There are 2 protein chains.
Amino acid sequence: MQLKTTHLYREIYEQPAVLGRFLRQERATMQQLAQAVRARGVSHVVIAARGTSDNAARYAKYVLGAMNGLPVALAAPSLFSIYKRPPRFGKALVLGISQSGKSPDIVAVLAEARRQGAVTAVITNIPGSDLAQQGDFVIPLHAGEELAVAATKTYTSQLAAIALLGAALADNDAMMSALQQIPDHMNQTLNAGSAIGRLVERYRYMRACVVIGRGYNYATAFELALKMKELTYTMVEPYSSADFMHGPLALVEQAFPAIVVAPSGVMLPEMQAFIQTLNERGAEAIVISDNEQVLGMGRTPLRLETAVPEWLSPLTAILPGQMFAMHLAFTRGYDVDAPRGIKKVTETR
Amino acid sequence: MQLKTTHLYREIYEQPAVLGRFLRQERATMQQLAQAVRARGVSHVVIAARGTSDNAARYAKYVLGAMNGLPVALAAPSLFSIYKRPPRFGKALVLGISQSGKSPDIVAVLAEARRQGAVTAVITNIPGSDLAQQGDFVIPLHAGEELAVAATKTYTSQLAAIALLGAALADNDAMMSALQQIPDHMNQTLNAGSAIGRLVERYRYMRACVVIGRGYNYATAFELALKMKELTYTMVEPYSSADFMHGPLALVEQAFPAIVVAPSGVMLPEMQAFIQTLNERGAEAIVISDNEQVLGMGRTPLRLETAVPEWLSPLTAILPGQMFAMHLAFTRGYDVDAPRGIKKVTETR
C-alpha cells in the first residue's frame, strides 16, 4: 500500500483547506454566540467531550482563560449519565465538542444544561446529530467526512473553532487576523513533512514514551499521545512538564524517549529547561519547535517551518506529531486508516 | 532490607490512625468553611494541585458535584505563574491542595484568588507553609511527617478532607457517620494485605499497564498509576473506562495487563462490562473489588475486605493498589522510600 493513497495521509494534508473553509463560514455564527455569552453574563465555561475532542477542550481552558478571563471546567459526564446527580450550571456556557455528535454521555450533559436554562453550544462535524439538537448554537466543523479512524482534520478544525470563539469574545481584530493566517503556516510545515518519513526509522522498536507540553500546548501533548496510541500501539503518556516533575520523573532512565512540544512563546524557556533536565539524565528528546537552538538540544528535530503567535501554536505544533505517528505506523506495517480494535464512532454512556 | 521497617510500609499501615485523628480534629473548621461557602453564595469550585494532590482534586470533582451540586474546575496554574493572565474567579471557592504547601505555581493561584476576593481554603500537611498563608481557611492533614517520597497517608487524608467538606456542605449526618467508619474499613483491608506480596511475583517483568476507574474512582486510577510509576518505574497510564474506549483501546493486545478499580456501587456494572471487553480481547485483568463475582472475572484479585458507600470507596480502594505497588517495587529490588530521580518536595513554577 502507498501511504499517499490512504485516507489518513489525505486528511492530514487537507487540514489547511478545511480550516480556511471553516473560518470563512463560521465567523458570523461565532459572533452571535459571543454576543449571547455577553448578554447572559456568562461567568464560566463547562465543556463535555471525549477522546480527541477532549483534547480540544484542554486547549479551550487556556484560550478562554487567558484571552477572555473565563475559567473552564471539563465536565464529568458520568455525573449526568450514570450517577444522575448533575451539578448546577448557574451562569455557565456549556459547550459540547464531538466529531460525530453521537456519544450518549456527552449528549446527556448538554441535555441537562438546556433543561437548567444554561447557554449551550455544540461544535461538531455532523450538524444533524443528537448532540447538535441540544445546542442553542451549532458550529459545524466543515471538515467533510473523516474516513480515517484517527481524527486529524476534525481536531485542528475544533481548535480553530475555539480560537475563533476566543477572538469573537475578545472582539479583537488582531486575533482574528492572526487566526486567518494559520492555514498558510500549516501548509508550510506540512510541505516540509516528508523528512519525517526517514526520522521515524530510529523509533521502529520503541515500546513506550512520553509527550510533554504545557500551557496552550498541554492539549498538543494529549492529542499527540492519543495519535501515537491509536496509530502505532506504543504506550505513550502525555504530561505537563510541571506535573511530570511531581513524581513521574522517576520513570526516566538512560535512552528514555520523550517528545517535547516547544514552539516559540512565553512557555519556551520552561520547555528548554525541561529538555536540559532530560539530557542530564540521559533521556532522548524528540523536539517539536520552530526555534533552531531548541531543536538542536534534542536528538531528533521535528521542525515547525514558521513561528506563529503562541496562543495559535497548537494548530501548527500538532502537524509534525500527526506525521510522526502516521509514518511510524506505516513503517511498522500497520493499517493507518483502520487501527485494530477501534471504530470511528464510539458511543459510551 | 526488611519491607516492614521501611517508611513506606509504616505510612501505608498508619493511614487508619491518621484518618481517625483528622476526622476528630477538623470537623469544626470544615463546618465553618461550609458556612462561609453558603453565606457567600459560592457557585463553583476551582482547585489548584499537582501530583498526588491533583488526584485528590479529581475526587473532589465527583463528591462536590454529586453531593453538593457544585461544578469543579481544575485550575491551569501556568495561566497564573507563567502567562500571568488569570481568569476571573467570580463566586468561586478556590481550594489549594498540597502536602508541602510549597510549589510556587500553586501558591500563585491562591494568591490571585485572594486578591480577587474569592473564598480561599488550603488543605495541607504543613499549616505554616506559603500556601497556607493564602487560605481564609486552613485544613491541616494531621498526617505527621511523611518520610517516604511516594505519598500515601497524605493522599487518603486529603480524600477525607474532601469527603468531610462534602458532608459539611450537605449538612448530612448520615454522610458524616459513614465517613467516621472508614478507618475501621481501611484496617480490615490493610490487615489482609500480606497476600499481595505473593501475587506481585507474576508482574515482576511487566513493563507497562493501564489502570481503569470511572466516577468516584477516576481519582483512584490516577493515584494508583502514579504510585506504580514512582515506585516500580512501570509505564502505567490511568483512564476512565469511557475515555479508554475512545481510542486507547487500540493498545490492547494478547496478555495486555489492566488494573480495574471496581468496588460496589452504581458504577459496578460499567466496570464489569469493561472487564468483559478486556477478557474478550485476551487482556489480563487485575481487579480491585469487594464483589466476589467481579473479582472472579479477572486473572488476579486484589480484594477489598468490606463494602463501603460508593462515594467513600476511593478511601479504601486505593489501599490494595498502594500495597501492590509497594510489594512489586520491593520484589524488583527497588528502594521503596526513595525512588530514583525524585524528591519529596517538588517546586514548579
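The model shown is predicted, which means the values in this text are computed figures rather than measured ones. Chain letters run A, B, ... following the sequence lines, proteins first, then strands; residues in each count from 1.
- Only the side chain of Asp105(A) comes within contact range of chain B, with heavy atoms under 4.5 Å apart.
- The contact between Ser81(A) and chain B is made entirely by side chain atoms (from C-beta outward), counting heavy-atom distances below 4.5 Å.
- Around the CZ atom of Arg207(B), the shell of radius 6.0 Å holds no more than 12 heavy atoms that belong to other residues, nucleotides or ligands.
- Heavy-atom pairs under 4.5 Å with chain B were tallied for Gly341(A), Gly69(A), Ala73(A), Ala151(A); the largest tally goes to Gly69(A).
- Ranked by heavy-atom pairs shorter than 4.5 Å toward chain A, the options Ala66(B), Ala150(B), Ser78(B) are led by Ala66(B).
- A heavy-atom distance below 4.5 Å is found between the side chains of Arg85(B) and Met67(A).
- Between chain A and the options Gly65(B), Gly51(B), Pro238(B), the largest number of non-hydrogen pairs under 4.5 Å is found for Gly65(B).
- For Phe256(A), the part lying near chain B is the side chain, with the backbone staying farther off; criterion is any non-hydrogen pair under 4.5 Å.
- Here the shortest heavy-atom pairing between Ile342(B) and Leu249(A) reads CG2-CB, 3.7 Å.
- Taking chain B as the reference chain and counting heavy-atom pairs below 4.5 Å, the highest number among Ser240(A), Pro71(A), Gly265(A) is found for Pro71(A).
- Val149(A) does not touch chain B: none of its heavy atoms, backbone or side chain, sits under 4.5 Å away.
- Among residues 222-233 of chain A, the residues having any heavy atom closer than 4.5 Å to a heavy atom of chain B are, in sequence order, Leu226(A), Lys229(A), Glu230(A), Tyr233(A).
- Between chain B and the residues Arg58(A), Glu347(A), Arg214(A), Met267(A), the largest count of heavy-atom pairs under 4.5 Å involves Arg214(A).
- With a 4.5 Å cut-off on non-hydrogen atoms, Val236(A) touches chain B through its backbone but not through its side chain.
- No side-chain heavy atom of Arg88(B) sits under 4.5 Å from any side-chain heavy atom of His44(A).
- Note: Tyr239(A) leads Tyr218(A), Phe89(A), Tyr239(A) in heavy-atom pairs under 4.5 Å with chain B.
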Show your working on side chain to side chain contact (heavy atoms under 4.5 Å, CB included) between His246(A) and Asp54(B) and close with a plain yes or no.
-> CA-CA 10 Å; His246(A) 286 260; Asp54(B) 202 29; over 6 Å; no
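- By number of non-hydrogen pairs under 4.5 angstrom with chain B, the leading residue of Lys343(A), Lys84(A), Glu270(A) is Glu270(A).
- Contact count versus chain B (heavy atoms, under 4.5 Å) is highest, among Ala76(A), Ala208(A), Pro77(A), for Ala76(A).
- Looking at Lys61(B), its side chain does come within 3.5 Å of a backbone N or O of Leu74(A) through a donor-acceptor pair.
- Interatomic distance, Ile82(B) CD1 to Leu268(A) CG, rounded to the nearest 0.5 Å: 11.5 Å.
- Heavy atoms closer than 4.5 Å to chain B are found nowhere in Phe274(A), neither backbone nor side chain.
- The residue among Glu310(B), Arg340(B), Glu253(B), Arg349(B) with the most heavy atom pairs within less than 4.5 Å of chain A is Arg340(B).
- Between atom CG of residue Leu251(B) and atom OG1 of residue Thr234(A) there is a gap of 8.0 Å, rounded to the nearest 0.5 Å.
- Arg50(A) is not listed as a side-chain neighbour of Met245(B), based on a closest heavy-atom distance of 4.5 Å or more.
- For Val266(A), the parts sitting under 4.5 Å from any heavy atom of chain B are the backbone and the side chain alike.
- Glu237(A) has its side chain within reach of Met235(B): a pair of non-hydrogen atoms, C-beta onward, lies under 4.5 Å apart.
- For a heavy-atom cut-off of 4.5 Å, chain B lies close to Ser103(A) in residues 90-104 of chain A.
- Looking at Phe244(B), neither its backbone nor its side chain comes within 4.5 Å of chain A, counting heavy atoms on both sides.
- Using the six-membered ring where Trp is involved, Tyr83(A) and Tyr62(B) have ring planes that are perpendicular, over 60° apart on the 30 and 60° scheme.
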